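Remarks on the structure that follows.
Quick caveat, the model's predicted, so the values are computed rather than measured. As a basis for the values below, the full set of heavy atoms in this structure was taken, side chains included, without hydrogen atoms, waters or symmetry mates.
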Amino acid sequence: LNATSYNSNGIYLGYDGGTAKFSIKSASNSLLWNGSTLSLTGAVTATSGNIGGWTISSTQLTGGSGATTIGLIPGNDCGTTWSRAMRFGW
């Protein structure tokens, strides 16, 4: 743990202004917990999971269910967007 204060380069775990805080930071990437919000700067890679009602798989991003499902499939150009049973190539 070589950072001397919150949000400085290195790893910090401690109290700042009476609030427990955590930070991992380099010149270009960071993971910050300020006591109420978790922030990430840098790339995020995921091949499975859920974020905000969207389902992530290794080949597509989908949201909704049944007749109200919408999805994104990467591919040539801008990929493929689909809604319900309809597909639109972009």
**Report entry** Contact list for residues 35-55, test salt bridge (charged side-chain N to carboxylate O under 4.0 Å, His left out), sequence neighbours left out
**Finding:** none

Query - Spatial distance of atom CG (Asn2) from atom CG (Asn9) [nearest 0.5 Å] - result: 9.0 Å

Requested in this report: Could I get the full list of side-chain hydrogen bond (donor to acceptor under 3.5 Å, both in side chains) partners for Thr41, not counting sequence neighbours?
Outcome: Ser30

Query - Listed once per pair and sorted, the salt bridge (charged side-chain N to carboxylate O under 4.0 Å, His left out) pairs that draw on residues 54-65, sequence neighbours left out - result: none

**Report entry** With Lys21 via salt bridge (Lys or Arg N to Asp or Glu O under 4.0 Å) - residues at least two apart
**Finding:** Asp16

Report task. Mind running side chain to side chain contact (heavy atoms under 4.5 Å, CB included) on Leu13 and Trp33 for me, showing each step along the way? Result -> CA-CA 10 Å; Leu13 176 62; Trp33 170 253; over 6 Å; no

Query raised in the report: Do Ser23 side-chain atoms and Asn7 backbone N/O form a donor-acceptor pair below 3.5 Å?
Result: yes

Report task. Output all residues satisfying side-chain hydrogen bond (donor to acceptor under 3.5 Å, both in side chains) with Ser36, sequence neighbours left out; order by chain, then residue number. Result -> Asn34

Query - Spacing of OG1 belonging to Thr4 relative to OH belonging to Tyr12, to within rounding of 0.5 Å - result: 9.0 Å

Requested in this report: Report yes if some heavy atom in the side chain of Tyr6 is under 4.5 Å from a heavy atom in the side chain of Leu32; otherwise report no.
Outcome: yes

Query raised in the report: Do the side chains of Leu38 and Ile24 join up, straight or via other hydrophobic residues, at under 4.5 Å, putting them in one cluster?
Result: yes

Requested in this report: Would you check if Leu40 and Asn29 make a side-chain contact, meaning some heavy-atom pair closer than 4.5 Å?
Outcome: no

Requested in this report: Please identify each residue that fulfils side-chain hydrogen bond (donor to acceptor under 3.5 Å, both in side chains) with Thr55, with sequence neighbours left out.
Outcome: Asn50

